[in-house]
Peer 1: 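Would you mind keeping the following structure in view while I ask a few things?
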Amino acid sequence: MPAETLTIVDNRTGREYEVPIADGTIRATDLRQISAEEGDGGLMSYDPAYLNTSSCRSAITYIDGDAGILRYRGYPIEQVAEEASFLETAYLLLEGELPTAAQLAKWEADVRTHTYVHTNFTKFLDGFRYDAHPMGMLLGAIGALSTFYPDAKHIGDPESRYLQRVRLIAKMPTIAAFVFRHSRGLPYVYPNNDLGYIGNYVNMTFEIGGKHEPNPVLQRALEILLILHADHEQNCSTSAVRSVGSSHVDPFSAVSAGIAALYGPLHGGANEAVLTMLDEIGDVKNIPAFIESVKAGHGRLMGFGHRVYKSYDPRAKLIKKVADQVFEQTGLNPKLEIALELERIALEDEYFISRKLYPNVDFYSGLIYQAMGYPTDYFTVLFALGRLPGWIAQWEEMLNDPEQKISRPRQTYIGYDVRNFVPMNKR
Ligand code: ACO
């Protein structure tokens, strides 16, 4: 058996080092022993944007980007999306195993018991401007939960962590619905705990005058979309949750950092950007010129490309199926025609093929959300609702990992050497 080690020769000194390999990684700290001269601190690895750095050992989600594989706790996403409810998926991510009927019933009951928010919360939301971006409101509101539940700071206590987990999963739909209603100047609708998790959320969002006709096909479609977003290992927002959580702040604050990361157009904001892009294209006949401008470096084809998937995003495949079911109910979305043609052309174009740029989960999700009646700037809130169980599962895994410490990357300093301060009159 060959040794599971890496031999490194430092050509500056001629010295040789042997560092262990475990799970296909070497430890960056093992490089510190490699030093050219006394006091240089040893070698570091330089990896802006973490392109090739494993920041943790995780048992939650497995992705093989080249093969287009995504699994939650070992279960293929296709099976989870087909068979499970959203709360069942959340349980799986958080607990590591599928729940028994009794465990699921308890989990659902716990969540149902915590769907209400303190009435002061509505005053807090009222303080936002009428046109406040829903993601800005959501991140502020979830951060504010920490002030309503100061006991959440007891992050070392598993019972307290469970309670905050339940609170977050239970209250996020209520807050997300309040945010939706605030944007439209509609009175808030409180949770109706006779309804299921998704039904309750949709009712709080769309009920008018005590009436809302639920459409089971659209509700299941929304549930599938949330399941598809429930975790995606160490993406930008999850890394933000882990990194902020590593300071041992409460989970509401850590999750609001995740929401902030998700707000950005390169991450969760991409489905919003897809619709803006489709609006700008305006007509199928404008697609070739648009593709040429992207290839010339003027902007990106939003909803295409992924840091990890270098083949078709498995979630995008599932979403396309959901889109068909939704559009059968709601009628065709005029932008869908542009999207389908855009995808067809891009998938045949050498520029996109050679860079392995395929549609990602956001390419179709925005079109579906729009058909369901959600405004464009609200799409990322739905992404956040879906991603929440993943954020909490990853946060708890980080806390329980004895190897994790406060997150604190190093840097390569490239600035001035020491120089004397110049007084104002000499500058
Ligand atoms: N349109 C056109 N060209 C693209 C696109 C795109 N969407 N994405 C990447 N490229 C090109 C880059 O210009 C670069 O080309 P070059 O080698 O000639 O310079 C090459 O492909 C590699 O791109 P990177 O930016 O290095 O890839 P990275 O892994 O850093 O980016 C990202 C991934 C941010 C998702 C990128 O593909 C992108 O901006 N896509 C559009 C936004 C989007 O859809 N985001 C959603 C991501 S999925 C999610 O968050 C759920």
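Each ligand, and each atom within it, is numbered from 1 in the order the structure gives.
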Peer 1: Does the protein put a heavy atom under 4.0 Å from atom 28 (P) of ligand 1?
Peer 2: yes
Peer 1: For Phe148, run the ring pair (Phe, Tyr, Trp, His ring centres under 6.0 Å) check against Phe252, Tyr116, Phe121, Phe124 and tell me which one passes.
Peer 2: Phe121
Peer 1: Could you check Arg57, Gln404, Arg242 and say which one makes a side chain to side chain donor-acceptor pair (under 3.5 Å) with Glu397?
Peer 2: Arg242
Peer 1: Report, in ascending order of atom number, the atoms of ligand 1 lying under 4.0 Å from any heavy atom of Ala270.
Peer 2: 43 (C), 44 (O), 45 (N), 46 (C)
Peer 1: Could you tell me whether atom 22 (C) of ligand 1 has a protein heavy atom closer than 4.0 Å?
Peer 2: no
Peer 1: Quick test of your reading of the structure: of Arg315, His232, Lys310, Arg300, whose heavy atom lies closest to atom 12 (C) of ligand 1?
Peer 2: Arg300
Peer 1: Just which atoms of ligand 1 are under 4.0 Å from any heavy atom in Val361?
Peer 2: 51 (C)
Peer 1: Under 4.0 Å from a heavy atom of Leu266: give me the atoms of ligand 1 that qualify, with their elements.
Peer 2: 39 (O), 45 (N), 46 (C), 47 (C)
Peer 1: Other residues, nucleotides and ligands only: do more than 12 of their heavy atoms fall within 6.0 Å of CD on Glu97?
Peer 2: no
Peer 1: Applying the side chain to side chain donor-acceptor pair (under 3.5 Å) test to Asn235, which of Arg307, Arg387, His306 qualifies?
Peer 2: Arg387
Peer 1: Can you tell me if Phe383 contacts ligand 1 (heavy atom of the residue under 4.0 Å from the ligand)?
Peer 2: yes
Peer 1: Considering only protein heavy atoms, determine whether one is less than 4.0 Å from atom 50 (O) of ligand 1.
Peer 2: yes
